[in-house]
Amino acid sequence: MSNIIRALSSRDLLFSFICGLLLLVNRVVTWTAGPVPGIDLLLAGSYFFGGYYTAIEVVRSLRDREFNIDLLMLIAAIGAAIIGAYAEGALLLFLFSLGGALEHQAMDRARSAISSLSELAPETAHRLDNENGDVTDVPVEELVKGDRVLVKPGERFPADGYVLKGQSAVNQAPITGESIPVDKAPVDPKKLIADSEVASFPEHVIFAGSINGDGSVEMVVTGAASDSTLARVIRLINEAEKQKSPTQRFATSFEKWFVPAVLIFVTLISFAFLVLDEAFSTSFYRAMTVLVGASPCALAISTPSAILSGIARSAKLGILIKGGGPLEEMGLVKAIAFDKTGTLTEGRPRITDVISLNGSGEDNMLRIAAAAEKLSDHPIANAIVRDALARLGSEKLPEGSSAESVQGKGLKALVDGRITEIGKAGLFDNSIPESLINSDRELMEKGRTTVVVRYDGEYLGLIGLMDVSRPGSKSAIQKLRALGISRLVMLTGDNQTVADAIARETGLDEAVGDLLPEDKLDYLKKMVKEYAHVAMIGDGVNDAPALAGASVGIAMGAAGSDVALETADVALMADDINKLPTAIALSRSTRRIIKQNIFISLGMIAFLVPAALFGFATMGIAVFLHEGSTLTVVLNALRLLGWKEQV
Ligand code: ADP
Ligand code: MG
């Protein structure tokens with residue numbers, strides 16, 4: 001009951017009900033008591049309430065010099081009145097306004113699935129004022145970077161940041177779609193993590209809107225609430241909703257000529273009485289019925305409703321899709337290119353081998369390498385810094401400066417004012433000593449990523465690193481195969497041996513190593529030429545150009561990275577590659593529903609126009625079936641809100 005009251009509080013639905021009620025009273029009185037003076041006033045009222053919103057819509061679109069569907073309906077209703085078919089005209093307005101109002105309600109449901117995201121962040125936060133644990137409750141808008149906030153068990157986190165004290169299992173499903181809570185622990189102050197890096201540590205990072213488990217947690221805020229990952233996602237989804245997909249653009253351009261064509265055709269057949277032996281009113285009635293049957297209301301709503309529902313559903317699964325274009329494109333994907341580091345692998349290599357060339361010593365080499373790599377944010381650089389510091393203890397590193405990354409090869413920097421180069425063998429000219437080349441080859445054969453260190457023109461040695469494949473990669477690849485995606489390729493700048501090793505472990509059929517970023521892009525272009533619909537998945541930071549070169553660029557683990565969130569076409573919020581098959585399956589379901597909807601809407605037009613022409617359908621029936629098909633396509637689209645993966 002309360003549902004009906006709430007629904008009626010929306011004015012379009014209320015007006016539609018009044019329209020229907022007046023029509024009903026008029027009919028009942030006329031049938032029982034015959035013509036009562038003044039009873040037609042009820043129909044006039046019915047016209048008013050039923051036509052009110054349609055007329056407003058028509059005036060607005062005519063001002064923009066557009067013919068829309070509402071115009072067709074208004075013409076049909078006025079036409080019915082002209083030939084004295086008041087009751088049928090009122091019925092048309094009633095069903096049309098009812099259909100429109102229900103359609104709004106349905107679309108609002110899909111939209112509220114999106115806007116409910118923004119209700120996830122709490123309105124106030126318990127800000128810690130001092131070391132004594134005094135707390136003030138403040139509105140989240142007042143939180144600034146560096147604030148410390150207490151979050152009690154079961155509460156929602158008010159801002160992005162990291163854990164300073166306390167441990168808890170945090171449910172971040174609202175942001176990343178991960179169903180299992182993630183254990184969080186305090187940042188070790190000795191670990192030297194910069195604010196910008198926190199996001200790459202899932203055990204410390206906090207996203208606004210996620211729900212605290214059993215432990216009380218003290219967190220440090222790293223950004224304003226309006227700038228949180230959640231806030232960004234909401235902004236991006238709202239943008240996405242406005243982006244038209246190819247099918248939508250097609251439907252819009254179809255309507256552009258279809259609506260005037262219908263008007264011309266209907267005008268012509270309203271003069272049928274000149275040719276056929278019938279009264280003008282008969283011809284006109286038939287024309288108005290055709291007009292109703294030919295109105296592409298259902299067509300207009302078939303794609304947007306499906307896209308809206310698809311985007312809303314995927315957002316709940318931690319998949320941010322930037323509009324109907326990427327959504328439809330993802331459903332078409334035939335081939336996928338994968339980045340290696342951080343996508344198929346953990347992206348957190350460890351140092352496994354340290355080989356010093358001559359007497360200079362391993363620690364000395366690590367010290368110099370770490371000093372330089374501190375200036376880079378490449379996964380290899382992070383690994384070298386972290387592992388070197390662990391080994392050297394709290395020893396102070398030399399001074400590094402003016403770092404310059406050589407894309408896909410390594411890094412050049414000054415350490416204590418001397419030129420320091422770190423990178424794969426290809427970074428150096430052919431001057432690497434024989435023995436170093438041999439050790440390098442040996443390490444690579446063991447599946448290691450290797451970097452050579454040269455300091456002030458002298459080769460210091462070699463560092464071997466190992467990054468393990470993600471536990472989920474293999475099953476994700478299997479699911480993608482099961483979805484019928486025939487070509488799955490890994491593209492990496494790492495050496496071919498490592499590339500092959502990871503490919504074997506994850507079950508990929510192809511791996512291409514030693515690629516520079518521009519080579520990756522070239523390779524991708526070739527794939528696009530061959531398969532037309534190619535996805536590239538990477539971390540969205542190192543691989544931005546390649547992502548942009550694919551038909552659809554997908555970033556993984558985007559919750560922690562603003563760049564990835566903004567640049568990718570599709571962002572998987574969680575660092576979970578198994579969301580990729582999910583995203584593709586959902587896109588395909590969306591495309592299937594769009595196709596069904598277009599079939600239903602065009603099918604109804606194809607049925608109703610001849611039926612009206614040859615007199616099988618009265619205007620009442622035409623209106624009823626017409627509105628029925630419109631509601632059917634919207635409800636069909638809403639099925640996506642409850643979409644579940646079938647694996
Ligand atoms: P990926 O395809 O794994 O993203 P990149 O193109 O980022 O690889 O890097 C390719 C190779 O270049 C790495 O495997 C490494 O050998 C070398 N390299 C890149 N950046 C650095 C760095 N900062 N320090 C050392 N080596 C690096
Ligand atoms: Mg990379």
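Just so you know, ligand 1 is whichever comes first in the structure, and atom 1 is the first atom listed for that ligand.
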As an exercise, identify every atom of ligand 1 less than 4.0 angstrom from a heavy atom of [X].
X: I380; answer: 13 (C), 14 (O), 15 (C), 25 (C)
X: D339; answer: 2 (O), 4 (O)
X: G423; answer: 26 (N)
X: T449; answer: 14 (O)
X: T450; answer: 16 (O)
X: K409; answer: 12 (O), 17 (C), 18 (N), 19 (C), 27 (C)

Pairs of nitrogen or oxygen atoms closer than 3.5 Å, one from G493 and one from ligand 1: do any exist?
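The answer is yes, given that G493 and ligand 1 share an N or O pair closer than 3.5 Å.
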Min N/O separation G408 to ligand 1 under 3.5 Å:
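G408 vs ligand 1: N/O contact under 3.5 Å present.
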Considering only heavy atoms from C-beta outward, does the side chain of I584 approach that of I336 to under 4.5 Å?
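They are in contact (side-chain heavy atoms under 4.5 Å apart), so the answer is yes.
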Measure the shortest side-chain to side-chain distance between K446 and D353 over non-hydrogen atoms and say whether it is less than 4.5 angstrom.
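SC-SC contact between K446 and D353 confirmed.
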At under 4.0 Å between heavy atoms, which part of T492 makes contact with ligand 1: side chain, backbone, both or neither?
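The answer is both.
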[X] and [Y]: side chain donor to acceptor below 3.5 Å:
X: E328; Y: S245; result: yes
X: T450; Y: D440; result: yes
X: T229; Y: D160; result: yes

Salt-bridge contact R367-E373 (side-chain N to carboxylate O under 4.0 Å):
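A salt bridge is absent here (no side-chain N lies under 4.0 Å from a carboxylate O).
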For I311, does its backbone N or O pair with a side-chain atom of S314 as donor and acceptor, under 3.5 Å?
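Between the backbone of I311 and the side chain of S314 there is a qualifying donor-acceptor contact (under 3.5 Å).
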With the threshold set at under 4.0 angstrom, would you say S405 reaches ligand 1 through any of its heavy atoms?
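Checking ligand 1 against S405, which is what was asked, there is no heavy-atom contact under 4.0 Å.
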Heavy atoms only: which of K520, K340, K412, E373 lies closest to atom 1 (P) of ligand 1?
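The residue whose heavy atom sits nearest atom 1 (P) of ligand 1 is K520.
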Could you list the donor-acceptor pairs under 3.5 angstrom formed between side-chain atoms of residues 482-498 and any protein atom two or more places apart in sequence or on another chain?
| from | atom 1 | to | atom 2 | distance (Å) |
| --- | --- | --- | --- | --- |
| R487 | NE | E510 | OE1 | 2.8 |
| R487 | NH1 | Y531 | OH | 3.4 |
| R487 | NH2 | E510 | OE1 | 3.3 |
| R487 | NH2 | E510 | OE2 | 3.0 |
| R487 | NH2 | Y523 | OH | 3.1 |
| T492 | OG1 | D494 | N | 2.9 |
| D494 | OD2 | K340 | NZ | 3.1 |
| D494 | OD2 | T449 | OG1 | 2.5 |
| N495 | OD1 | T497 | N | 3.1 |
| N495 | OD1 | V498 | N | 2.9 |
| N495 | ND2 | R448 | O | 3.2 |
| Q496 | OE1 | G513 | N | 2.8 |
| Q496 | NE2 | D500 | OD1 | 3.1 |
| Q496 | NE2 | A511 | O | 2.9 |

